[in-house]
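Computed from a predicted structure; not experimentally measured.
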Amino acid sequence: VLNHPDIVKLLRKRFIAIGVDNVDNLNMTAAEKAFLKDRGLKFCTQGMSVFTAGGKLLAMGGGFEPDQVKQMLVKALDNYRPEEPPPVVPPRDNHDAGLIKSPEGAIVLYVSWKVLGGFDSGPPPLKTGSGTYDKKIQDAVGVDRLWVRADEARALAKGNLPESLRRRILPHLTYVLAGAKRDAVRSFDLQLRDGRLTGSFQTKTGESSQLVGFVEAEDGKVTRFDLLVRGMGTRVEDCGFSASLRMVPEGRKVPVALLINLADPRDDLARVPPHRAKHQGYLK
Amino acid sequence: MFIKSLKSPAQLLVACVAFTIAAVPSLRAGEDHRLSDTEFATLHKALHVKNQSWATIPWKVSVTQARQLAARERKPIFLVVNTGNCLGWT
């Protein structure tokens, strides 16, 4: 629903948009949690709300239907009156224990994946609910992030691929190319030579994928990291976050691709913590 | 003509990404999965987070920052809450 052109247009121009996770990685200060308590934080699974900077609730609901969300946004705009005087919002306590911080000097990589096709042959693809959104989910791109420690970034800039980073990349490949099953992986190798990343990923069922990519650096800083792999993937059911992989029937193999690339640190989207950052030892 | 019928940059972006995705060559199990330079460029564009329509919205991830900006720009705040972050799985 957040890809619908009318909704994208409204959110870009008329609203300040924010996305939060209320279960796994809250990434909020105690004051922020208290502020959101009655403004949407308690939603179960998914929810949307609109409120003013001072906290006046304007609309609540949303859902998966674009018309329903659009109506909610329009209603909220009708009800909105800028607060006079504008509310003074206290600064964020950056030392609050509820915040998940990327390690000092780390760089962020986006991880994205997609099923490239294969839904139109063989057994029928899976359906969700009434089937209204099947095509949209089949086309959906899954997104995560990956943190690269400062020392690893320095090594990359010098033309070396740290083993710790190679290990941190592996779960993403396993997720997309091996049905998220660690024991389905036969081998994974990745090298960096003369700015080129090359490697291979093999599953125990015999599927082999080649990894290709580039690393560039300037003044000791990584300016480009692109790693791309195309191969065969299987179904991954993961509360919707596996995106198009959830539509693959059990046991069927479909073409998939996964990209890991450098995020712009100024971009707020790069500030969402990696899913796996909640696990102890993520950065080892 | 088709391009003229697109009413916003966001619609144009969605159309471009959809076209790019449609142009991605498909594969079958056991086929050679090595990528040509053209395929690399095509897939890179199709998968890049910033090329997704929802990612063209200037999302905030700090409630405080969103409130400060909303007060300054005199706009309401739209909040989407998920079990996991809708801005990408967390």
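Looking at Ala76(A), there are no atoms closer than 4.5 Å to chain B (heavy atoms on both sides), in backbone or side chain. Contact annotation for Arg39(A): only backbone heavy atoms (N, CA, C, O) come within less than 4.5 Å of a heavy atom of chain B. With a threshold of 4.5 angstrom between heavy atoms, Phe214(A) approaches chain B through side-chain atoms but not through N, CA, C or O. For a residue to count as touching a neighbouring chain, one of its non-hydrogen atoms must lie under 4.5 Å from one of that chain's; by this rule Tyr80(A) touches chain B with the side chain only. Of the two parts of Leu259(A), the backbone and the side chain both hold a non-hydrogen atom closer than 4.5 Å to a non-hydrogen atom of chain B. Heavy atoms of Leu10(A) lying under 4.5 Å from chain B are absent altogether.
Between His275(A) and His279(A), the angle of the ring planes goes over 60°, which puts this pair in the perpendicular group of the 30/60° scheme.
Ranking Leu36(A), Val89(A), Leu211(A), Asn261(A) against chain B, the residue ahead of the rest is Val89(A), based on heavy-atom pairs under 4.5 Å. Looking only at heavy-atom pairs under 4.5 Å with chain B, the residue among His4(A), Lys13(A), Arg14(A) that has the most is Arg14(A). The candidate from Ala70(B), Ala71(B), Ser62(B) with the greatest count of non-hydrogen atom pairs under 4.5 Å with chain A is Ser62(B). In terms of heavy-atom pairs under 4.5 angstrom with chain B, the leader among Met60(A), Arg92(A), Met72(A) is Arg92(A). Most heavy-atom pairs under 4.5 Å with chain B, from the set Leu11(A), Asp267(A), Ile7(A): that is Leu11(A). Of the residues considered (Thr52(A), Leu228(A), Val50(A)), Leu228(A) shows the highest number of contacts with chain B, using heavy-atom pairs under 4.5 Å.
The structure places CD1 of Ile77(B) at 7.0 Å from CZ of Arg67(B), a figure rounded to the nearest 0.5 Å. Rounded to the nearest 0.5 Å, atoms CZ (Phe78(B)) and CD1 (Ile57(B)) are 8.0 Å apart.
No side-chain heavy atom of Leu47(B) sits under 4.5 Å from any side-chain heavy atom of Tyr110(A). Side chains of Leu262(A) and Asp226(A) form no contact here, defined as non-hydrogen atoms less than 4.5 Å apart. Side-chain contact between Leu269(A) and Trp54(B) is present, with heavy atoms from C-beta onward closer than 4.5 Å.
Residue-environment remark: NZ (Lys56(A)) stays at or below the threshold of 12 foreign heavy atoms within 6.0 Å. Atom CZ of Arg224(A) has more than 12 neighbouring heavy atoms from other residues, nucleotides or ligands inside a 6.0 Å radius.
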